[in-house]
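Input: a single structure, listed below in C-alpha coordinates.
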Amino acid sequence: MIDLNLLRENPDAIKASQRARGADEALVDQAAAADVAYRAALREFEGLRAEQNAFGKTVATAPKEQKQALVAQAQEMAAGVKAADAAAGEAEKALNELLWQIENVVIEGIPAGGEDDYVVLKHVGNKPEFNFEVKDHQVLGESLDIIDIQRGVKISGSRFYFLKGWGARLELALMNLALDKAAAAGFTALITPTLVKPEIMAGTGFLGAHADEIYYLPADDLYLTGTSEVALAGYHRDEIIDGLGEGTHRYAGWSTCYRREAGSYGKDVGGILRVHQFNKLEMFVYTLPELAEAEHERLLAWQEAMLQACELHYRVIDTAAGDLGSSAARKFDAEAWVPSQQTFRELTSTSNCTTFQARRLNIRYRREDGKTAPAATLNGTLATTRWLVAILETHQQADGSVRIPEALRPYLGGQDYIRPKA
RNA sequence: GGAGAAUUCGCCUAGUGGCCUAUGGCGCACGCUUGGAAAGCGUGUUGGGUGCAAGCCCUCAUGGGUUCGAAUCCCAUAUUCUCCGCCA
(Lines give C-alpha, C1' and ligand atoms only; values in the text may rest on other atoms or scores of the structure.)
Protein backbone atom coordinates (compact mmCIF):
# COMPACT_ATOMS: atom_id res chain seq x y z
CA MET A 1 0.00 0.00 0.00
CA ILE A 2 1.23 3.46 -0.83
CA ASP A 3 1.97 6.08 1.80
CA LEU A 4 -1.15 8.15 2.58
CA ASN A 5 1.00 11.16 3.40
CA LEU A 6 2.54 11.00 -0.05
CA LEU A 7 -0.94 10.85 -1.56
CA ARG A 8 -1.89 13.99 0.34
CA GLU A 9 1.29 15.95 -0.18
CA ASN A 10 2.59 14.86 -3.56
CA PRO A 11 -0.01 12.98 -5.60
CA ASP A 12 1.86 13.92 -8.77
CA ALA A 13 4.75 11.64 -7.75
CA ILE A 14 2.33 8.72 -7.54
CA LYS A 15 0.73 9.64 -10.84
CA ALA A 16 4.13 9.73 -12.51
CA SER A 17 4.86 6.27 -11.15
CA GLN A 18 1.52 4.88 -12.32
CA ARG A 19 2.20 6.40 -15.75
CA ALA A 20 5.66 4.82 -15.92
CA ARG A 21 4.11 1.45 -15.13
CA GLY A 22 1.34 1.85 -17.65
CA ALA A 23 -1.11 1.59 -14.76
CA ASP A 24 -4.27 3.62 -14.18
CA GLU A 25 -3.34 7.20 -13.30
CA ALA A 26 -6.92 8.24 -12.52
CA LEU A 27 -6.88 6.04 -9.40
CA VAL A 28 -4.68 8.62 -7.70
CA ASP A 29 -7.20 11.47 -7.92
CA GLN A 30 -10.02 9.09 -7.01
CA ALA A 31 -8.12 7.93 -3.94
CA ALA A 32 -7.28 11.50 -2.92
CA ALA A 33 -10.98 12.42 -3.14
CA ALA A 34 -11.97 9.30 -1.21
CA ASP A 35 -9.43 10.25 1.47
CA VAL A 36 -10.98 13.71 1.88
CA ALA A 37 -14.46 12.19 2.02
CA TYR A 38 -13.37 9.60 4.56
CA ARG A 39 -11.79 12.11 6.89
CA ALA A 40 -14.89 14.32 6.74
CA ALA A 41 -17.13 11.35 7.56
CA LEU A 42 -14.81 10.30 10.36
CA ARG A 43 -14.82 13.76 11.98
CA GLU A 44 -18.62 13.78 11.76
CA PHE A 45 -18.85 10.43 13.52
CA GLU A 46 -16.27 11.24 16.16
CA GLY A 47 -18.00 14.51 17.05
CA LEU A 48 -21.32 12.76 17.53
CA ARG A 49 -19.75 9.95 19.48
CA ALA A 50 -18.06 12.43 21.82
CA GLU A 51 -21.46 14.04 22.48
CA GLN A 52 -22.99 10.66 23.13
CA ASN A 53 -20.23 9.65 25.53
CA ALA A 54 -20.58 12.87 27.49
CA PHE A 55 -24.35 12.50 27.62
CA GLY A 56 -24.03 8.92 28.79
CA LYS A 57 -22.27 10.16 31.90
CA THR A 58 -25.12 12.56 32.58
CA VAL A 59 -27.57 9.70 32.33
CA ALA A 60 -25.53 7.51 34.64
CA THR A 61 -25.31 10.08 37.41
CA ALA A 62 -28.80 11.58 37.04
CA PRO A 63 -31.35 11.16 39.81
CA LYS A 64 -33.93 8.43 39.20
CA GLU A 65 -36.86 10.71 38.42
CA GLN A 66 -34.96 12.41 35.54
CA LYS A 67 -33.49 9.25 34.09
CA GLN A 68 -36.45 8.23 31.94
CA ALA A 69 -36.52 11.52 30.03
CA LEU A 70 -32.75 11.51 29.55
CA VAL A 71 -32.78 7.95 28.23
CA ALA A 72 -35.41 8.91 25.67
CA GLN A 73 -33.18 11.74 24.51
CA ALA A 74 -30.18 9.44 24.36
CA GLN A 75 -32.08 6.99 22.20
CA GLU A 76 -32.48 9.59 19.47
CA MET A 77 -28.83 10.45 19.71
CA ALA A 78 -27.82 6.81 19.40
CA ALA A 79 -29.57 6.46 16.06
CA GLY A 80 -27.62 9.42 14.65
CA VAL A 81 -24.33 8.04 15.91
CA LYS A 82 -25.03 4.64 14.40
CA ALA A 83 -25.73 6.17 10.99
CA ALA A 84 -22.59 8.32 11.12
CA ASP A 85 -20.54 5.29 12.15
CA ALA A 86 -21.85 3.30 9.20
CA ALA A 87 -21.17 6.18 6.81
CA ALA A 88 -17.59 6.52 8.03
CA GLY A 89 -17.13 2.78 7.67
CA GLU A 90 -18.35 2.88 4.08
CA ALA A 91 -16.09 5.82 3.27
CA GLU A 92 -13.09 3.99 4.70
CA LYS A 93 -13.88 0.89 2.69
CA ALA A 94 -14.16 2.93 -0.49
CA LEU A 95 -10.81 4.57 0.23
CA ASN A 96 -9.08 1.28 0.91
CA GLU A 97 -10.39 -0.32 -2.23
CA LEU A 98 -8.78 2.46 -4.24
CA LEU A 99 -5.57 2.49 -2.22
CA TRP A 100 -5.04 -1.24 -2.67
CA GLN A 101 -5.24 -0.85 -6.42
CA ILE A 102 -2.44 1.68 -6.61
CA GLU A 103 0.92 0.01 -7.17
CA ASN A 104 4.18 0.80 -5.42
CA VAL A 105 5.86 4.05 -6.39
CA VAL A 106 8.81 3.14 -8.56
CA ILE A 107 12.28 4.37 -7.70
CA GLU A 108 13.24 7.38 -9.76
CA GLY A 109 15.54 6.66 -12.66
CA ILE A 110 14.51 3.09 -13.41
CA PRO A 111 13.82 2.28 -17.07
CA ALA A 112 10.41 3.31 -18.40
CA GLY A 113 8.32 1.05 -20.61
CA GLY A 114 7.38 -2.61 -20.62
CA GLU A 115 8.83 -6.11 -20.66
CA ASP A 116 11.31 -5.42 -23.46
CA ASP A 117 12.52 -2.06 -22.19
CA TYR A 118 14.94 -3.33 -19.57
CA VAL A 119 18.46 -1.94 -19.36
CA VAL A 120 21.37 -4.36 -19.32
CA LEU A 121 23.66 -3.37 -16.46
CA LYS A 122 26.48 -5.82 -17.10
CA HIS A 123 27.63 -9.11 -18.59
CA VAL A 124 29.75 -11.42 -16.47
CA GLY A 125 31.85 -14.38 -17.54
CA ASN A 126 32.40 -15.71 -21.03
CA LYS A 127 29.87 -17.27 -23.34
CA PRO A 128 30.61 -21.00 -23.30
CA GLU A 129 31.99 -22.31 -26.62
CA PHE A 130 31.44 -25.88 -27.83
CA ASN A 131 33.22 -27.77 -30.60
CA PHE A 132 30.36 -30.26 -30.77
CA GLU A 133 26.61 -30.07 -31.14
CA VAL A 134 25.11 -28.91 -27.84
CA LYS A 135 22.30 -30.85 -26.26
CA ASP A 136 19.48 -29.17 -24.39
CA HIS A 137 19.00 -29.94 -20.72
CA GLN A 138 16.06 -32.24 -21.41
CA VAL A 139 18.14 -34.49 -23.67
CA LEU A 140 21.03 -34.37 -21.21
CA GLY A 141 18.68 -35.13 -18.34
CA GLU A 142 17.28 -38.18 -20.08
CA SER A 143 20.57 -39.55 -21.36
CA LEU A 144 22.18 -39.14 -17.94
CA ASP A 145 19.04 -40.61 -16.31
CA ILE A 146 18.77 -37.65 -13.92
CA ILE A 147 15.52 -36.01 -15.10
CA ASP A 148 12.42 -38.10 -15.82
CA ILE A 149 9.80 -35.98 -17.55
CA GLN A 150 7.68 -38.83 -18.86
CA ARG A 151 6.93 -40.30 -15.48
CA GLY A 152 6.34 -36.84 -14.04
CA VAL A 153 3.69 -36.28 -16.70
CA LYS A 154 2.28 -39.75 -16.09
CA ILE A 155 1.51 -39.13 -12.46
CA SER A 156 0.80 -35.36 -12.39
CA GLY A 157 0.36 -34.08 -15.95
CA SER A 158 2.31 -31.67 -18.06
CA ARG A 159 5.05 -29.53 -16.48
CA PHE A 160 5.79 -32.11 -13.80
CA TYR A 161 8.99 -34.17 -13.55
CA PHE A 162 11.12 -36.35 -11.37
CA LEU A 163 14.69 -35.48 -10.47
CA LYS A 164 16.54 -38.75 -10.13
CA GLY A 165 19.89 -39.96 -8.87
CA TRP A 166 22.57 -37.33 -9.49
CA GLY A 167 19.86 -34.95 -10.66
CA ALA A 168 18.13 -35.05 -7.31
CA ARG A 169 21.46 -34.83 -5.51
CA LEU A 170 22.61 -31.94 -7.71
CA GLU A 171 19.57 -29.90 -6.77
CA LEU A 172 20.07 -30.55 -3.06
CA ALA A 173 23.77 -29.69 -3.46
CA LEU A 174 22.81 -26.41 -5.11
CA MET A 175 20.38 -25.58 -2.31
CA ASN A 176 22.94 -26.47 0.35
CA LEU A 177 25.66 -24.38 -1.26
CA ALA A 178 23.24 -21.46 -1.40
CA LEU A 179 22.18 -21.99 2.20
CA ASP A 180 25.80 -22.10 3.39
CA LYS A 181 26.56 -18.88 1.54
CA ALA A 182 23.46 -17.24 2.99
CA ALA A 183 24.31 -18.34 6.52
CA ALA A 184 27.82 -16.97 6.12
CA ALA A 185 26.29 -13.64 5.09
CA GLY A 186 24.20 -13.54 8.26
CA PHE A 187 20.92 -14.96 7.02
CA THR A 188 18.76 -17.07 9.32
CA ALA A 189 17.55 -20.25 7.64
CA LEU A 190 13.80 -20.86 7.58
CA ILE A 191 11.78 -23.72 6.13
CA THR A 192 8.42 -22.13 5.49
CA PRO A 193 4.78 -23.20 5.17
CA THR A 194 3.65 -23.38 1.55
CA LEU A 195 -0.07 -23.09 2.30
CA VAL A 196 -1.12 -19.64 3.46
CA LYS A 197 -4.25 -17.73 4.36
CA PRO A 198 -5.88 -15.30 1.91
CA GLU A 199 -4.88 -12.17 3.84
CA ILE A 200 -1.22 -13.16 3.68
CA MET A 201 -1.44 -13.81 -0.05
CA ALA A 202 -3.19 -10.47 -0.57
CA GLY A 203 -0.77 -8.62 1.69
CA THR A 204 2.22 -9.70 -0.32
CA GLY A 205 0.57 -8.44 -3.49
CA PHE A 206 0.05 -11.73 -5.27
CA LEU A 207 -3.74 -11.68 -5.43
CA GLY A 208 -3.89 -8.77 -7.82
CA ALA A 209 -3.65 -9.01 -11.58
CA HIS A 210 -1.90 -12.39 -11.51
CA ALA A 211 -4.27 -14.24 -9.18
CA ASP A 212 -4.86 -16.91 -11.83
CA GLU A 213 -1.19 -17.95 -11.44
CA ILE A 214 -1.93 -19.28 -7.98
CA TYR A 215 -3.20 -22.64 -6.81
CA TYR A 216 -6.15 -22.33 -4.44
CA LEU A 217 -7.70 -24.95 -2.16
CA PRO A 218 -11.34 -23.91 -1.69
CA ALA A 219 -12.14 -26.63 0.84
CA ASP A 220 -9.68 -25.03 3.26
CA ASP A 221 -9.55 -21.46 1.94
CA LEU A 222 -5.77 -21.69 1.58
CA TYR A 223 -3.39 -20.75 -1.20
CA LEU A 224 -0.32 -22.67 -2.33
CA THR A 225 2.57 -20.25 -2.51
CA GLY A 226 4.56 -19.65 -5.68
CA THR A 227 7.51 -18.47 -3.59
CA SER A 228 8.50 -18.56 0.05
CA GLU A 229 8.53 -14.76 -0.17
CA VAL A 230 4.86 -14.99 0.83
CA ALA A 231 5.54 -16.80 4.10
CA LEU A 232 8.70 -14.81 4.77
CA ALA A 233 6.84 -11.52 4.37
CA GLY A 234 3.99 -12.82 6.52
CA TYR A 235 6.44 -13.96 9.19
CA HIS A 236 6.48 -10.57 10.94
CA ARG A 237 2.91 -9.59 10.05
CA ASP A 238 1.25 -7.33 12.65
CA GLU A 239 4.52 -7.00 14.53
CA ILE A 240 6.71 -4.18 15.65
CA ILE A 241 10.03 -5.84 14.89
CA ASP A 242 12.48 -5.73 17.79
CA GLY A 243 15.87 -4.24 17.13
CA LEU A 244 15.49 -3.37 13.48
CA GLY A 245 17.21 -0.06 14.20
CA GLU A 246 20.31 -1.95 15.35
CA GLY A 247 20.46 -4.33 12.42
CA THR A 248 18.77 -5.56 9.29
CA HIS A 249 16.89 -8.86 9.66
CA ARG A 250 17.83 -11.36 6.95
CA TYR A 251 16.10 -14.69 6.34
CA ALA A 252 16.90 -17.45 3.87
CA GLY A 253 13.70 -19.37 3.23
CA TRP A 254 13.65 -22.75 1.59
CA SER A 255 10.41 -24.10 0.15
CA THR A 256 8.78 -25.91 -2.68
CA CYS A 257 6.98 -23.45 -4.98
CA TYR A 258 3.78 -24.00 -6.93
CA ARG A 259 2.72 -22.09 -10.02
CA ARG A 260 -0.23 -22.71 -12.31
CA GLU A 261 1.53 -21.19 -15.32
CA ALA A 262 -1.88 -20.25 -16.68
CA GLY A 263 -1.63 -18.52 -20.03
CA SER A 264 1.80 -19.92 -20.78
CA TYR A 265 0.54 -22.77 -22.97
CA GLY A 266 3.10 -23.65 -25.55
CA LYS A 267 5.82 -21.59 -23.84
CA ASP A 268 8.91 -23.50 -22.73
CA VAL A 269 7.07 -26.80 -22.92
CA GLY A 270 10.07 -29.11 -22.83
CA GLY A 271 12.19 -29.89 -19.80
CA ILE A 272 12.17 -28.15 -16.44
CA LEU A 273 12.50 -24.52 -17.47
CA ARG A 274 8.87 -23.72 -16.72
CA VAL A 275 7.20 -26.14 -14.32
CA HIS A 276 4.32 -26.22 -11.86
CA GLN A 277 6.46 -27.27 -8.91
CA PHE A 278 10.05 -26.53 -8.04
CA ASN A 279 12.28 -25.72 -5.09
CA LYS A 280 13.77 -22.40 -4.21
CA LEU A 281 16.02 -20.77 -1.67
CA GLU A 282 14.85 -17.21 -1.23
CA MET A 283 16.51 -14.33 0.56
CA PHE A 284 14.16 -12.02 2.40
CA VAL A 285 15.17 -8.88 4.24
CA TYR A 286 13.51 -6.50 6.66
CA THR A 287 15.38 -3.23 6.97
CA LEU A 288 15.06 0.51 7.55
CA PRO A 289 13.58 2.41 4.60
CA GLU A 290 16.72 4.52 4.19
CA LEU A 291 18.89 1.40 3.93
CA ALA A 292 16.74 -0.40 1.36
CA GLU A 293 18.52 0.67 -1.81
CA ALA A 294 21.96 -0.26 -0.49
CA GLU A 295 20.56 -3.61 0.68
CA HIS A 296 19.14 -4.20 -2.79
CA GLU A 297 22.65 -3.89 -4.26
CA ARG A 298 23.89 -6.32 -1.63
CA LEU A 299 21.23 -8.92 -2.49
CA LEU A 300 22.27 -8.68 -6.12
CA ALA A 301 25.92 -9.14 -5.14
CA TRP A 302 25.08 -12.32 -3.21
CA GLN A 303 23.16 -13.64 -6.19
CA GLU A 304 26.10 -12.94 -8.45
CA ALA A 305 28.48 -14.71 -6.10
CA MET A 306 26.24 -17.77 -6.31
CA LEU A 307 26.05 -17.63 -10.12
CA GLN A 308 29.83 -17.31 -10.28
CA ALA A 309 30.24 -20.28 -7.92
CA CYS A 310 28.22 -22.27 -10.44
CA GLU A 311 30.53 -20.99 -13.20
CA LEU A 312 27.71 -19.56 -15.29
CA HIS A 313 27.77 -16.81 -17.89
CA TYR A 314 25.11 -14.25 -17.06
CA ARG A 315 23.90 -10.71 -17.46
CA VAL A 316 22.09 -8.42 -15.05
CA ILE A 317 19.13 -6.34 -16.15
CA ASP A 318 17.33 -3.43 -14.53
CA THR A 319 13.67 -4.23 -15.15
CA ALA A 320 11.45 -1.55 -16.70
CA ALA A 321 8.64 -0.02 -14.66
CA GLY A 322 5.89 -1.71 -16.67
CA ASP A 323 7.29 -5.17 -15.94
CA LEU A 324 7.49 -4.79 -12.16
CA GLY A 325 5.22 -6.61 -9.76
CA SER A 326 2.77 -4.34 -7.96
CA SER A 327 4.84 -4.41 -4.75
CA ALA A 328 8.24 -3.74 -6.30
CA ALA A 329 9.78 -0.30 -6.64
CA ARG A 330 12.77 -1.68 -8.52
CA LYS A 331 13.82 -5.13 -9.72
CA PHE A 332 17.10 -6.61 -10.93
CA ASP A 333 17.10 -9.92 -12.76
CA ALA A 334 20.17 -12.04 -13.36
CA GLU A 335 19.83 -14.12 -16.50
CA ALA A 336 22.10 -17.01 -17.34
CA TRP A 337 23.15 -18.05 -20.80
CA VAL A 338 21.31 -21.15 -22.00
CA PRO A 339 23.42 -22.65 -24.81
CA SER A 340 20.67 -24.71 -26.46
CA GLN A 341 18.49 -21.60 -26.76
CA GLN A 342 21.33 -19.18 -27.54
CA THR A 343 19.71 -16.72 -25.15
CA PHE A 344 19.71 -15.50 -21.56
CA ARG A 345 17.06 -16.89 -19.20
CA GLU A 346 16.11 -15.53 -15.79
CA LEU A 347 17.68 -17.42 -12.90
CA THR A 348 17.32 -14.83 -10.16
CA SER A 349 15.22 -11.83 -9.44
CA THR A 350 15.56 -9.34 -6.62
CA SER A 351 12.95 -6.73 -5.75
CA ASN A 352 13.01 -3.73 -3.48
CA CYS A 353 9.45 -3.41 -2.15
CA THR A 354 10.33 -0.34 -0.04
CA THR A 355 7.59 0.09 2.58
CA PHE A 356 4.73 -0.98 0.29
CA GLN A 357 4.48 -4.61 1.34
CA ALA A 358 5.11 -3.83 5.02
CA ARG A 359 2.31 -1.30 5.03
CA ARG A 360 -0.14 -3.90 3.72
CA LEU A 361 1.04 -6.49 6.22
CA ASN A 362 1.35 -4.02 9.11
CA ILE A 363 5.04 -4.67 9.72
CA ARG A 364 6.69 -1.88 11.64
CA TYR A 365 9.82 -0.97 13.57
CA ARG A 366 10.45 1.52 16.33
CA ARG A 367 12.29 4.65 15.33
CA GLU A 368 14.78 6.43 17.58
CA ASP A 369 12.10 8.92 18.61
CA GLY A 370 9.96 6.00 19.86
CA LYS A 371 7.40 6.25 17.07
CA THR A 372 6.54 3.30 14.88
CA ALA A 373 6.99 3.32 11.10
CA PRO A 374 6.61 0.73 8.34
CA ALA A 375 9.75 -1.29 7.61
CA ALA A 376 11.19 -1.85 4.16
CA THR A 377 11.18 -5.36 2.68
CA LEU A 378 13.31 -6.84 -0.08
CA ASN A 379 13.57 -10.28 -1.61
CA GLY A 380 15.81 -12.17 -3.96
CA THR A 381 16.36 -15.64 -5.37
CA LEU A 382 19.49 -17.49 -4.33
CA ALA A 383 18.88 -20.84 -6.02
CA THR A 384 16.08 -22.66 -7.83
CA THR A 385 15.51 -25.89 -9.68
CA ARG A 386 15.76 -23.92 -12.91
CA TRP A 387 19.46 -23.37 -12.29
CA LEU A 388 19.98 -27.01 -13.25
CA VAL A 389 19.09 -26.07 -16.82
CA ALA A 390 21.97 -23.62 -17.12
CA ILE A 391 24.37 -25.75 -15.11
CA LEU A 392 23.76 -28.92 -17.16
CA GLU A 393 23.92 -27.16 -20.52
CA THR A 394 26.88 -24.91 -19.75
CA HIS A 395 29.05 -27.68 -18.36
CA GLN A 396 28.21 -30.42 -20.85
CA GLN A 397 31.09 -32.27 -22.48
CA ALA A 398 31.62 -33.79 -25.93
CA ASP A 399 31.18 -37.30 -24.51
CA GLY A 400 27.72 -36.47 -23.14
CA SER A 401 28.85 -36.06 -19.55
CA VAL A 402 28.42 -32.96 -17.41
CA ARG A 403 31.22 -31.42 -15.36
CA ILE A 404 30.15 -30.44 -11.87
CA PRO A 405 31.33 -26.96 -10.82
CA GLU A 406 34.00 -27.13 -8.11
CA ALA A 407 31.89 -25.29 -5.55
CA LEU A 408 29.18 -27.96 -5.68
CA ARG A 409 31.44 -30.98 -5.37
CA PRO A 410 31.78 -30.96 -1.58
CA TYR A 411 28.01 -31.40 -1.43
CA LEU A 412 28.15 -34.39 -3.83
CA GLY A 413 30.75 -36.50 -2.09
CA GLY A 414 33.48 -35.06 -4.30
CA GLN A 415 31.85 -36.23 -7.54
CA ASP A 416 33.36 -34.30 -10.48
CA TYR A 417 31.35 -35.50 -13.48
CA ILE A 418 27.89 -36.91 -14.12
CA ARG A 419 28.43 -39.54 -16.79
CA PRO A 420 25.99 -41.40 -19.05
CA LYS A 421 25.39 -44.99 -18.09
CA ALA A 422 27.65 -47.32 -20.01
C1' G B 1 -14.64 -35.59 14.46
C1' G B 2 -16.97 -35.04 19.86
C1' A B 3 -16.98 -32.67 24.93
C1' G B 4 -15.11 -28.94 28.17
C1' A B 5 -12.07 -24.59 29.46
C1' A B 6 -9.62 -20.27 28.05
C1' U B 7 -8.13 -15.53 25.15
C1' U B 8 -7.38 -8.22 29.03
C1' C B 9 -1.07 -3.23 27.73
C1' G B 10 6.18 -7.41 26.34
C1' C B 11 4.87 -11.41 30.47
C1' C B 12 1.51 -12.60 34.65
C1' U B 13 -3.04 -10.75 36.58
C1' A B 14 -7.88 -7.84 38.74
C1' G B 15 -12.34 -6.88 36.74
C1' U B 16 -20.06 -10.12 36.19
C1' G B 17 -23.97 -3.45 32.62
C1' G B 18 -22.56 3.27 34.15
C1' C B 19 -16.96 6.57 39.42
C1' C B 20 -13.20 1.04 33.65
C1' U B 21 -10.85 7.60 31.33
C1' A B 22 -9.03 -0.87 32.84
C1' U B 23 -6.30 -2.98 38.58
C1' G B 24 -1.88 -4.82 40.67
C1' G B 25 2.83 -7.25 39.94
C1' C B 26 7.16 -8.52 36.83
C1' G B 27 10.10 -6.52 33.15
C1' C B 28 11.85 -2.07 30.81
C1' A B 29 13.19 3.45 30.72
C1' C B 30 14.31 7.88 33.36
C1' G B 31 15.08 10.37 38.04
C1' C B 32 16.13 10.55 43.48
C1' U B 33 19.24 7.99 46.91
C1' U B 34 24.72 5.80 46.87
C1' G B 35 31.91 6.22 46.91
C1' G B 36 29.74 2.51 43.31
C1' A B 37 25.96 -1.07 43.07
C1' A B 38 21.73 -3.66 45.10
C1' A B 39 17.54 -2.49 47.79
C1' G B 40 14.18 1.48 48.46
C1' C B 41 11.31 5.72 46.67
C1' G B 42 9.15 8.54 42.56
C1' U B 43 7.67 9.05 37.38
C1' G B 44 6.65 6.83 32.78
C1' U B 45 5.55 2.37 29.87
C1' U B 46 -0.71 -1.01 24.20
C1' G B 47 -1.38 0.41 19.63
C1' G B 48 -4.01 3.17 15.82
C1' G B 49 -6.76 7.42 13.81
C1' U B 50 -8.12 12.60 13.47
C1' G B 51 -7.00 17.71 14.39
C1' C B 52 -2.60 23.78 13.53
C1' A B 53 -3.36 22.78 18.57
C1' A B 54 -5.91 21.82 23.13
C1' G B 55 -8.33 17.83 22.57
C1' C B 56 -11.39 14.09 20.69
C1' C B 57 -12.38 9.02 18.65
C1' C B 58 -11.19 3.82 18.36
C1' U B 59 -8.57 -0.47 20.64
C1' C B 60 -10.06 -5.96 26.55
C1' A B 61 -8.84 -12.45 20.30
C1' U B 62 -11.99 -11.12 15.59
C1' G B 63 -16.80 -9.94 13.42
C1' G B 64 -21.91 -9.12 14.37
C1' G B 65 -26.00 -8.20 17.91
C1' U B 66 -28.76 -6.45 22.51
C1' U B 67 -28.65 -1.58 25.28
C1' C B 68 -29.29 5.38 26.21
C1' G B 69 -24.56 2.94 27.82
C1' A B 70 -20.71 -3.48 26.95
C1' A B 71 -14.09 -5.96 28.93
C1' U B 72 -18.82 -7.47 31.37
C1' C B 73 -24.99 -10.03 28.26
C1' C B 74 -26.18 -12.88 23.35
C1' C B 75 -24.59 -15.13 18.43
C1' A B 76 -20.79 -16.56 14.99
C1' U B 77 -15.63 -17.27 13.87
C1' A B 78 -10.40 -17.91 15.03
C1' U B 79 -6.58 -19.53 18.17
C1' U B 80 -4.70 -22.20 22.53
C1' C B 81 -5.15 -25.99 26.32
C1' U B 82 -7.40 -30.64 28.49
C1' C B 83 -10.01 -35.20 27.72
C1' C B 84 -12.30 -38.82 24.23
C1' G B 85 -12.43 -40.89 19.22
C1' C B 86 -9.91 -41.71 14.51
C1' C B 87 -5.25 -41.87 11.84
C1' A B 88 0.15 -41.99 11.25
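Sequence lines set the chain letters: A, B, ... in the order given, protein chains first and strands last, and positions in each chain run from 1.
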In whole angstroms, the gap separating C1' of B:U59 from CG of A:N53 amounts to 14 Å

B:G51 phosphate, OP1 or OP2, under 4.0 Å from A:R43 side-chain N/O: yes

Across every strand shown, the nucleotide meeting Watson-Crick or G-U wobble geometry with B:U46 (both distances under 3.5 Å) is none

When rounded to whole Å, the CD to P distance for the pair A:E239 and B:G47 reads 14 Å

Look at atom CZ of A:R151 and say whether more than 12 heavy atoms of other residues, nucleotides or ligands are closer to it than 6.0 Å.
no

Comparing A:I240 with A:R8, nearest RNA chain B nucleotide closer to 5' gives the residue A:I240

B:A76 versus B:C86 - spacing of their C1' atoms, nearest Å: 27 Å

Given side-chain hydrogen bond (donor to acceptor under 3.5 Å, both in side chains), test A:Q30 with A:Q101 step by step and report yes or no.
CA-CA 11 Å; A:Q30 289 167 22; A:Q101 286 179 58; over 6 Å; no

Note to self: Distance check, C1' atoms only: B:U72 and B:C60, in whole angstrom units.
What the structure shows: 10 Å

Say we look at B:A5 and B:C74: how far apart would their P atoms be, to the nearest angstrom? 12 Å

Report which part of the nucleic acid A:F55 touches: base, sugar-phosphate, or nothing (heavy-atom distance under 4.0 Å, all strands).
nothing

What nucleic acid atoms does A:K197 come within less than 4.0 Å of, heavy atoms only: base, sugar-phosphate, or nothing?
nothing

The test is ring-ring contact (aromatic ring centres under 6.0 Å, His included); show your working for A:Y251 and A:H236 and say whether it passes. CA-CA 11 Å; A:Y251 297 102; A:H236 284 303; 5.6 Å; yes

Checklist entry - Taking the P atom of each, how far is B:G2 from B:U77, in whole Å? => result 11 Å

Quick note, A:V71 side chain, CB onward, closest among B:C56, B:C68, B:G47 is B:C68

Answer for the Watson-Crick or wobble partner of B:G17, both distances under 3.5 Å, is none

Could you measure between the two P atoms, the one in B:U80 and the one in B:U8, and give it in whole Å?
14 Å

Scanning all shown strands, the Watson-Crick or wobble mate of B:G10 with both distances under 3.5 Å is B:C26

A:Q73 CD to B:G69 P, in whole Å, measures 14 Å

Could you measure between the two P atoms, the one in B:A54 and the one in B:U13, and give it in whole Å? 37 Å

When rounded to whole Å, the NZ to P distance for the pair A:K93 and B:G63 reads 15 Å

Q) Does one side chain, of A:T287 or A:T248, offer a donor that lies under 3.5 Å from an acceptor on the other? A) yes

For this session: Tell me what A:D242 touches on the nucleic acid: a base, only sugar-phosphate, or nothing, going by heavy atoms under 4.0 Å.
Result: nothing

Partner of B:C32 under the Watson-Crick or G-U wobble criteria, both distances under 3.5 Å, comes out as B:G40

note: A:L4, atom CG; B:G51, atom C1'; distance rounded to Å ~ 16 Å

Taken to the nearest whole Å, CZ/A:R366 to P/B:G10 is 10 Å

Answer for the Watson-Crick or wobble partner of B:A53, both distances under 3.5 Å, is none

Base of B:G69 paired with side chain of A:Q52 (donor-acceptor, under 3.5 Å): no

Subject >> Electrostatic pair A:E406:A:R409 at N-O distance under 4.0 angstrom >> reply: yes

By nearest-nucleotide position on RNA chain B, the 5'-leaning member of A:A74 and A:D35 is A:D35

From CD of A:E46 across to C1' of B:G51 the rounded distance in Å is 9 Å

As its Watson-Crick or G-U partner within any shown strand, both distances under 3.5 Å, B:U80 has B:A5

Could you measure between the two P atoms, the one in B:U33 and the one in B:G25, and give it in whole Å?
24 Å

Next item on the list: Before accepting this row, confirm whether a basic side-chain N of the pair A:E261/A:R274 lies closer than 4.0 Å to the acidic partner's carboxylate O.
Entry: yes

Legend entry - Salt-bridge criterion met for A:E295 and A:R250 (N-O under 4.0 Å): yes

Against the side chain of A:A50, the closest entry in B:U50, B:C57, B:G69 is B:C57

Considering only heavy side-chain atoms of A:A78, the closest of B:C68, B:G49, B:G51 is B:C68

In whole angstroms, the gap separating P of B:A70 from NZ of A:K82 amounts to 11 Å

Give a yes/no answer on whether the side chain of A:R49 brings an N or O atom under 4.0 Å of OP1 or OP2 in B:C58.
-> yes

Taking atom C1' in both B:G31 and B:U82, what distance in whole Å separates the two? 48 Å

Original post:
A:T227 and A:K280: side-chain donor and acceptor closer than 3.5 Å?
Top reply: yes

For B:U66, the nucleotide meeting Watson-Crick or G-U wobble distances (both under 3.5 Å) is none

